[in-house]
Amino acid sequence: MSILRVENLVCGYVPRKPIIKNISFSVADGEFVGIVGPNGSGKTTLLRTIIGLIKIQNGTIMVGNHKVENLDRRELARRVAFVPQLMEPVDGFTVEELVLLGRTPYLERFSFESEDDREAAQWAIDELKIGNLKDRPISELSGGEFQRAAIARALAQEPRVLMLDEPTSHLDIRYQMKICKLLKKLRKHRSIIATFHDLNLASRFCSKLILMKRGELVAEGPPEKVVTPENIWKAYRVKVTVRSNPSTKKFRYVMLP
Amino acid sequence: MMRKFNKNESLIAIFGLFVLLLAAMVISLFLGSVFIPPGDLWGSEILWQIRLPRVVLAALIGLLLSVSGVILQGTLRNPLADPYILGISAGAGVGASISIALGAQFVIFGMSSVPATAFLFSLISVIVVYKLSQVSGKTSPETLILAGVALSAFCAAILALIIIITGNLQSIYFWLLGSLSSASWSNVTTVLPYCIVGAGAAYFFSKELNALLLGEEMAQTLGVDVENTRFVLVGAASLMTAAAVSVSGIIGFVGLIIPHWMRLIIGPNHRLLIPVSALSGMVLMVLADTISRTVLSPMEVPIGIIMALVGAPFFLYLLRRRRTEGK
């Protein structure tokens, strides 16, 4: 069953100048969807529209059985969580306090975090394997550690859909792999949508890729169907060849000279 | 980097501050130009009708100013925001002095004319400063402060004009200096509801204030209605500032120093920052008022002067510290 359905979506910051021009796709339970495409293709705009930061101009976004525009902020925040590309580090907050902020959509006006909220935060911390960092101030974390703490914060929202904007772009290759492996594990019982610049990384870990160009869909499907020389030429105007590795059954594109 | 306080340590900190506050109030009560012999305690007019309301009022003003500082720094996402820097105090002072100059006598929503006009003008100031500091939809710390400074200068000019036109130097100049010399029990009962409502609003919005630490958009993705939160909290801060200004005049820097100082010690979590700032603001004001009454006794130095003498250097220190940290 699909958790998220985007139908004929048109959106952007200015009324008559949409950034996303008619995009449709759906995301099923347990899928890890990678959104790829050249700079300015609208990847981030798409995520920000799904989380309700940008107004829908036309079309619909369904989360479960609900239209996004019919959900209030708190209801949406319990279903969809977002990890931005750059999050402001807060002076003096510990990892645990940051993760607990993920429980904000569950708190009532006159109530404080309950035992349940603390358990949910602890669960998210365990999932991201950052138990040892729990009491560290986030300003002292390395880029990779901070990214894991930021993901744990989003996971504490217990979302059906976890969205990440370029979760690997500021990380070294070791952490790129680590984060992708973690995300692949996390997709159980929810779905993950992440934007990527690295096509090889995305095709290695994602179950489905969405290739965009200038707000439109170029290709959608399993990585081996999307990352083809034709599609990459269409989206990026770059000539590549695709080589598969027989031992891992994985493939990668290589730029032609 | 200061370590996070756990639950028990937080309670101990709050309790400790509470004890400190009581101690400061008791000491302040017995210091002054007139010595009260121990035998005269119960019958002393000076003690019960002059000093006690003054000490209590000092504490309440401290609460109002420091909590509105916490609120403004949190909602405007600017660590340098406070009612004084942002020109809200000056706006409230203009409102109050217009009301005095015109001799207005009315009661609206249970507020008498002076606090009511002070409130109205403080609200106008905060909206003006906030709108002026927005550059393409975003508020930058620098423009916010500059807008506040400009508005304060503008308000000072209006105040001077009112003084010249009405010749009412004595009672209006009182607003500019800030003083608790007119403290009475009726003043205490005037500001008490604002303390309760304002501090309550701040405390019950602490989860929103915490979410806002991550930025406006992240707060939205956590289910926070940022516009609504801002409306309620900036309104509460203006109300608290107006209440404080209406009885004590303009007392600066309390709302700036206290939240900063406390944030360095206990961290940015508003659940703890709000009560701790409220209590330490109360302690600071009680001590400052004691100094104002005793340092040049029998002459009184307005508390606004004392706070500016201490607060301005501290503000400069904070500015420099932020600079070096930014590098």
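Here is the naming used below: chain letters follow the sequence lines, and residue numbers restart at 1 for every chain.
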- Backbone N/O of A:T94 and side chain of A:E97: donor-acceptor pair under 3.5 Å: yes
- In terms of heavy-atom pairs under 4.5 Å with chain B, which of A:I51, A:T104, A:V83, A:L76 leads? A:T104
- Message: Counting heavy-atom pairs under 4.5 Å with chain B, which one of A:A154, A:A81, A:A77 comes out on top?
- Response: A:A77
- Looking at B:D225, B:L213, B:V224, which makes the most heavy-atom pairs under 4.5 Å with chain A? B:L213
- Which bit of A:R48 comes within less than 4.5 Å of chain B, counting heavy atoms only: side chain, backbone, both or neither? side chain
- Take atom CZ of B:F204 as the centre, draw a 6.0 Å sphere, and report whether it contains more than 12 heavy atoms from other residues, nucleotides or ligands. yes
- Task: Keeping the roles fixed (side chain from A:S2, backbone from A:R5), state whether a donor-acceptor pair exists under 3.5 Å.
- Result: no
- Given a strict heavy-atom distance threshold of 4.5 Å, which part of A:L107 is in contact with chain B: side chain, backbone, both, or neither? both
- Message: Taking side chain as everything from C-beta outward and backbone as N, CA, C, O, which of these in A:R153 sits under 4.5 Å from a heavy atom of chain B? Side chain, backbone, both or neither.
- Response: side chain
- Distance-only polar pair, side chains of B:R271 and B:S206, donor-acceptor under 3.5 Å: yes
- What's the shortest heavy-atom distance between A:I35 and A:M212, and which atoms? CG2-SD, 3.6 Å
